[in-house]
Asks: 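Got a structure for you, questions after.
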2 protein chains.
Amino acid sequence: MASTRRPGTEAEPRTGPSPGRSAAADPAAGASAGARPTSRDVARHANVSQATVSLVLGGKWQGRVSPGTAETVRSAARTLGYRPNLAARSLRLGRTRTALLVVPALTHDYFARVHTGASRVATEHDFGVVLYPSPEGTGPAVDPFGSARAALDGVIASSMAPEALAALRDGGQLPLVMLDSDPEGDRAAATVNLDIADGMHQAAAHLLGLGHRRIAHIAAAVDSWTFGVRARALARAVAGTAGRLVGTERSGLSVEDALEAATRALAARPRPTALICDDDLLAAGACKAARRLGLRVPEDVSVTGFDDLSLATALEPELTTVRLPAEEVGAEGMRALLAVLDGRRANSPVLPVQLVRRGSTAAPADA
Amino acid sequence: MASTRRPGTEAEPRTGPSPGRSAAADPAAGASAGARPTSRDVARHANVSQATVSLVLGGKWQGRVSPGTAETVRSAARTLGYRPNLAARSLRLGRTRTALLVVPALTHDYFARVHTGASRVATEHDFGVVLYPSPEGTGPAVDPFGSARAALDGVIASSMAPEALAALRDGGQLPLVMLDSDPEGDRAAATVNLDIADGMHQAAAHLLGLGHRRIAHIAAAVDSWTFGVRARALARAVAGTAGRLVGTERSGLSVEDALEAATRALAARPRPTALICDDDLLAAGACKAARRLGLRVPEDVSVTGFDDLSLATALEPELTTVRLPAEEVGAEGMRALLAVLDGRRANSPVLPVQLVRRGSTAAPADA
DNA sequence: AAGGACACGTTGTACGTATAACCTCGACGT
DNA sequence: ACGTCGAGGTTATACGTACAACGTGTCCTT
């Protein structure tokens, strides 16, 4: 009792002439081997209707199709190598199971990791991720929904500037999950944040505990929520202690820029004994600056980074830095988006961060 | 004579009942503001047929639609905020204008740059790129076409191992462009390669020219065409010169692994005076190893890298390395794929590479 | 004056899928 | 003997778009 044969399903009657299709255009037509099989081909092969194929392969056949027929259909699909046409499915369902991930720059290790995490969770849920390499060269007015070729179900945006965010929401009324962004400006359905303030507190406390009293801040000159938090948290962490913030130098997010900024910071007299940097890239530049001034790290000047990029352990000395669970941020962002799309209540976690003590910090010599 | 009014286009006669759609399901229905506008909405707004809208917005209206009507249509589309439904378009056209990019790991700067380049060219041609984070955690048998949710027009694969490549081609009969891969195994429609051999020759010649005679190779323990080329090219470059290859240590593609490998290489007696590394990450590890052994770079041992990652200039001393035009590789790959899809003849360029001399190499002390 | 030829649109499909609504049996209770 | 009911399917759409094929008036040629 493998399959229940039915009459009347053998010859698929074409409902009418099809003037819109010139079959003579394709010289290879006639042989059925060329084109990709459709659900109708599977149906023909299994002696059932296309609807049955859809039911079986869609998993909704319980009590509507007999187990034997279901297995026949699955087997036919397998032998034909059937893969559903995603465009057709998306058109029918109005959903694409694809999310847009907007990041400032994929070449920054942090965002690459965020992508990895988001992509992993997406794959687990049969979802896709398409990247939007954020408006750096093309100007800020690029429409993500124009350039992202895929139809989208939702958006995950990391470290978005406020104005870019506005453009995003205007472009499409899609569910939005924000990463590393101001949780107050809640145009988002959910937010995933890191406890950046705590990280900065840990870094500052670490330096203060070592005896540092003159600390300079190498700040990222990027208009992003996360860097604002870092500056404020550092100010608060130092306030009321024996230490002092003896300068803030703003720098672009590159080693070269940071080298210049740190050189300026180290020109102050009395010289700061520690540089607290907004990013590991900046910390790398700070180390270079120190050494060019004839100062040793950490003996003459301590340096801390932020993010714990792979760079942190490639440098020498290895960077003391604040480790951010980047992949987890991406993963949680995707989970939140999936929850929203399911109509479930998405939580907006704040993930903990952890100072990692390595070789770039030590007690100051003059303490 | 702005627009030619026509009778009979006012009331769009619904061709029949639509039992497949329960309008009562959506409580917000009735008001026309909720849903995304379709080309038919634009047509209604502009008093033309949907076909005309398609012609105008598709740009194929020359001589078929009057300029005035065309402008009316465009204006209507603008005010309604019309965006074509990509799923429907893909279904109709059988093409998606989306390419799959397969890379081993996006967290490696090189591949992030390849993606950037490919993505840039894609955007210029109104194409999309979806990433396939290659089978590292999930095992090598993952089907890229199952996990990539988008329907695809073609595939660009970088540094693919042979067996993974086979799985790729079995999965879908899509045009394939290979990057950094064996040009002989031409299952690909086109290949984009770097002149890796020349790069290795430049590095070796540089060291030999400085007077180095005992050179060790820190080789990447990755089964990839590009690393095979590096090893063979190095052997050839050194053969017949006053220099000698005094050891090859294989290492995983991480700083930690490279540290161990380089430590082994530097344990040889007489000690090599130069380490030539397959990758900047490995070079970073080599520098760490040297310093832990009390050796200075470059005074006691010279180190060269490969790729010119951002890491190269973050280190101190900055790495002498072979610069690879990563973005250009991605861009050329996408151009080649677009050419193939257009039915044009795609060329398979071999891009030049350039040694960048920095601080990690110098003449040996004992020369 | 007749017959194109052209400009400017329109009507009608089909792409492949998912599902609502319908149909056809055999079994079963009364 | 006959309605009824459920199991196990089928038939008929519609999603939104891009054309192929087919009208219309209008002007120009012969």
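In what follows, chains are A, B, ... by sequence order, proteins preceding strands, each numbered from 1.
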Asks: Tell me whether the side-chain N/O atoms of A/T38 come closer than 4.0 Å to OP1 or OP2 in C/dG16.
Replies: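 It does not, given that no N or O in the side chain of A/T38 lies less than 4.0 Å from OP1 or OP2 of C/dG16.
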Asks: According to side-chain contact (heavy atoms from CB on, under 4.5 Å), who are the partners of B/A346, at least two apart in sequence or on a separate chain?
Replies: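 side-chain contact (heavy atoms from CB on, under 4.5 Å) check on B/A346 returns B/A190, B/A336, B/A339, B/V340.
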Asks: Of all the choices, D/dG16, D/dC19, D/dA21, which nucleotide is nearest to the side chain of B/R64 once you look at every atom?
Replies: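 My answer, after comparing the listed nucleotides, is D/dA21.
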Asks: For A/L91 and C/dT19, give me the distance from atom CG to atom C1', rounded to whole Å.
Replies: 14 Å
Asks: What is the distance, to the nearest angstrom, from the CZ atom on A/R89 to the P atom on C/dC15?
Replies: 19 Å
Asks: Is a side-chain donor or acceptor of B/S181 paired with a backbone partner of B/M178 at a separation under 3.5 angstrom?
Replies: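 Side chain of B/S181 to backbone of B/M178: no pair is present.
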Asks: Round to a whole Å and report the spacing from CG of A/L80 to P of C/dG16.
Replies: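 It works out to 14 Å between those atoms.
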Asks: Measure CZ/B/R44 against P/C/dT10 and give the value in whole Å, please.
Replies: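 Those two atoms, CZ and P, are 14 Å apart.
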Asks: From CG of A/N47 over to P of D/dG8, roughly how many Å is that when rounded to an integer?
Replies: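 Nearest whole value for this atom pair: 18 Å.
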Asks: Can you measure B/R95 atom CZ to D/dG16 atom C1' for me and round it to whole angstrom units?
Replies: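 It is 16 Å, rounded to the nearest whole Å.
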Asks: Heavy atoms within less than 4.0 Å of DNA chain C: which residues of residues 52-60 of chain A have one? Give them sorted by number.
Replies: A/S54, A/K60
Asks: Counting only side-chain heavy atoms from C-beta out, which of D/dG8, D/dC19, C/dT17 sits nearest to A/A88?
Replies: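 Within the option list, the nearest is C/dT17.
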Asks: Heavy atoms from C-beta onward define the side chain here; which of C/dT10, C/dG9, D/dG16 lies closest to that of B/A51?
Replies: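 My answer, after comparing the listed nucleotides, is C/dT10.
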Asks: Taking the minimum atom-to-atom distance to the side chain of A/V65, which one of D/dG9, C/dT10, D/dT17 wins?
Replies: D/dG9
Asks: Which residues pass the salt bridge (Lys or Arg N to Asp or Glu O under 4.0 Å) test with B/R78, sequence neighbours left out?
Replies: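 With neighbours one apart ignored, the set is B/E71.
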Asks: Applying salt bridge (Lys or Arg N to Asp or Glu O under 4.0 Å), name anything that partners B/R64, two or more places apart in sequence or on another chain.
Replies: none
Asks: Which residues satisfy the side-chain contact (heavy atoms from CB on, under 4.5 Å) test with A/D153, sequence neighbours excluded?
Replies: A/R95, A/T96, A/F127, A/L341
Asks: Ignoring the backbone of A/P84, work out which of D/dG16, C/dT10, C/dT17 is nearest its side chain.
Replies: C/dT17
Asks: Would you kindly give the CD-to-P distance between A/Q62 and D/dG6, to the nearest whole Å?
Replies: 18 Å
Asks: Determine which pairs satisfy salt bridge (Lys or Arg N to Asp or Glu O under 4.0 Å) with at least one residue from residues 51-61 of chain A, sequence neighbours left out, and list them in order.
Replies: none
Asks: Contact between A/V102 and A/S158 at the side-chain level, heavy atoms closer than 4.5 Å - yes or no?
Replies: no
Asks: Find the distance A/Q50:CD to C/dT19:C1' and express it as a whole number of Å.
Replies: 10 Å
